[in-house]
Amino acid sequence: MNILVFLPISVPLLTAIFTLLTYRRLIAQRIIGVAGAAALLAVAIALLIDVASNGIQIMAVGSWPAPYGITLVADLFSAIMVVLAAMMGLAVAIYSLADIDARREHYGYHTLFHILLLGVCGAFLTGDLFNLYVWFEVLLIASFVLLALGGERPQIEGAIKYVTINLIASTLFLVAVSILYSVAGTLNMADLAWKLPTLGQHGLVTAVALLFMVAFGIKAAFFPLFFWLPASYHTPPVAVTAIFAGLLTKVGVYALIRTFTLIFVQDVAYTHTIILVAAGLTMIVGALGALAQHELRRMLSFLIISHIGFAVMGLGLFTPAGLSGAVFYIIEDIIVLTALFMVAGVIRRQGGSERLEQLGGLYARVAGPGGPVSAAGPLALGHPAALGLLCQAGAAARRPGRRAVRDRGGDAGRQHIDPADGDADLVGGVLERRARRCQARGHPRRLGVACAGPLADRGPGAVHHPAGPGGRASLRPGHAGGRAAGHADALY
Amino acid sequence: MHVVLAIVIGALYAAAIYLMLRRSLAKLIIGLSMLTNATNLLIFTVGGLTRARPPLVPEGATQPAAPYADPIPQSLILTAIVIGFGVLAFMMVLAYRTYAVVGSDDLDDMVVTDALDPWSPNQASVAAATPQRLPEAPGEKQAP
């Protein structure tokens, strides 16, 4: 009975509860949110050290012995995933301090964020298939609300597609779990692992395995089942997209690896060949889809899909080297994708738009190695130096508003943006807080100038409000005027 | 009895999928709720159907007398019902908000995320993404 196995579940739950208790005080919510994410990281690292030195850790919830009760199991794979989830939770929690506007925070963003982390950690730590379903639902419902929080039209439309398809996936999962229960009589993963080969029901078990493959494939954005992802991931605020990209599909991949290495290994020639072929197609289709996109986050959404193909191909190969490659790829992929999306958010803020054709000239404007553009490239390519640049990208992404806000006088001509400068800049931090306060009072500010706080504050139209007279070189003034006028009677 | 239930479950799934493929958001939600109902009934059926045999251990025995009603499927069903109910409540509110934002029930009007630029969609890109509607035959109402 190891309490450390339960802590990665109880810490985000307590954080969510405390953020709910202080729901009127946004400052307290932010502090509790970040502190809770940091506490989760500490607990996760402690769990990883414990598992690495002492082997698999188990906790039988309610002291009901397995297989009658639900057990929480932390082996090295689970512990690593929990640490990664906690790391990404902390990074995005800090990022969302600057990215999420007060209105969304007021409607419970921090609570939902920690319930998402709760579901993710629970899914990684459970040893029972139905408990896995429950944790999937927890994280799914939190993700539904996070996606739709804010109520803007693209979010709502993306949410409908996301909710429908993921509900179908959950239903398929439940069907598969129930049929598996009727065959085997137990739902404990370890119990199933030794019981299934003794039952002699090969056909039915393979059919159930394919049902699981479809259900987890939808969640993991696998080849023919991934179309919900590019339709919905680019609609919410960037912080939400970042945490979705890093964690949600990877929980599906984790579940796939768990079930297809532990439980459904009787018919490897059939099931794993399907996984292999589908993974190859996922890689290619994801990459081709990314090439066809003109917007940052939609392109990165297809990149997620392509990377899922890489990760699951290791599972399809079903050799020790393949599986360890898959796990290593997932580890790097979680970090890289979250960082890429955060960098995309910084690019969006500094460039003024997500559309690639309007981001021209960004590299010339954003000087220095800490800039987002120089970090994004090597990260996406998987360059080994990316891991070093990762820290810089993380630093740049974590303080998106910390530009060189030396002058609050609002001069339009100032275009110098140096994100790496403001990191250790206390003055910059103070000015940033002042900028956010004046933002909250509803003063419209121009892009690139001191008081222009997080773009997300002003909703979608803000992205296309360029700086006034001293506008960017890449935007035509007439175009800018037309956009500003067009926003007034927007489609929605 | 298994056969009757299997047929009923199949019919429920068929109806649910048919409804989910409709063009109206309200029908999509009804289809989803029927899907969860069909799944719950499926869990009930595959859990084994026994009559009037509660899973209680009689005096002096260590196990209930087989065959007994399995308590696990009913806990699975209860959990699934509760989760389904929560998600359905969320979908209802989402549908209400969709109607408020989009102005119609028609899923073919909700293509902004597929347009070239969701954050300021212009007419051309949304029109390009909207599926073509067949012209109505005279005297026929177009069913969504």
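Side chains are part of it too, since the values below use all heavy atoms of this structure and drop only hydrogens, waters and symmetry mates. Sequence lines set the chain letters: A, B, ... in the order given, protein chains first and strands last, and positions in each chain run from 1.
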Kindly indicate whether the side chain of [X], heavy atoms from C-beta on, has any atom under 4.5 Å from the side chain of [Y].
{"X": "Glu152(A)", "Y": "Val101(B)", "value": "no"}
{"X": "Val163(A)", "Y": "Phe90(B)", "value": "yes"}
{"X": "Leu28(B)", "Y": "Ile160(A)", "value": "yes"}
{"X": "Val46(B)", "Y": "Tyr181(A)", "value": "no"}

(message) Return the CE to CZ distance between Met110(B) and Arg153(A), rounded to the nearest 0.5 Å.
(response)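 Here the rounded value is 8.0 Å.
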
(request) Hey, could you give me the OG1/CG distance between Thr39(B) and Leu174(A), rounded to the nearest 0.5 Å? (result)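 Those atoms lie 6.0 Å apart.
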
Can you tell me which portion of [X] sits under 4.5 Å from chain A's heavy atoms? Options are side chain, backbone, both or neither.
{"X": "Tyr13(B)", "answer": "side chain"}
{"X": "Leu76(B)", "answer": "both"}
{"X": "Ile77(B)", "answer": "neither"}
{"X": "Met91(B)", "answer": "side chain"}

(request) Quick one: which of Leu172(A), Val134(A), Thr164(A), Leu140(A) has the most heavy-atom pairs under 4.5 Å with chain B, could you say? (result)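 Counting heavy-atom pairs under 4.5 Å, the top option is Thr164(A).
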
(message) Only pairs of heavy atoms separated by less than 4.5 Å count here; which of Gly158(A), Ala148(A), Ser178(A) has the most with chain B?
(response) Ser178(A)

(request) Considering only heavy atoms and a distance below 4.5 Å, find which of Val93(B), Asn40(B), Ile72(B) pairs most often with chain A. (result) Ile72(B)

(message) Can you tell me which of Leu42(B), Leu107(B), Ile83(B), Ile17(B) forms the most heavy-atom pairs within a distance under 4.5 Å of chain A?
(response)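 The answer is Ile83(B).
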
(request) Apply side-chain contact (heavy atoms from CB on, under 4.5 Å) to Val87(B) and Phe144(A), showing your working. (result) CA-CA 9 Å; Val87(B) 178; Phe144(A) 291 166; 3.9 Å; yes

(request) Go through the atoms of Val138(A) and report whether side chain, backbone, both or neither lie under 4.5 Å from a heavy atom of chain B. (result)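 Neither part.
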
(message) Using heavy-atom distances under 4.5 Å, tell me whether Ala159(A) contacts chain B through its side chain, its backbone, both, or neither.
(response) both

(request) Kindly say whether Ile156(A) contributes a backbone atom to a donor-acceptor pair with the side chain of Arg97(B) at under 3.5 angstrom? (result) no

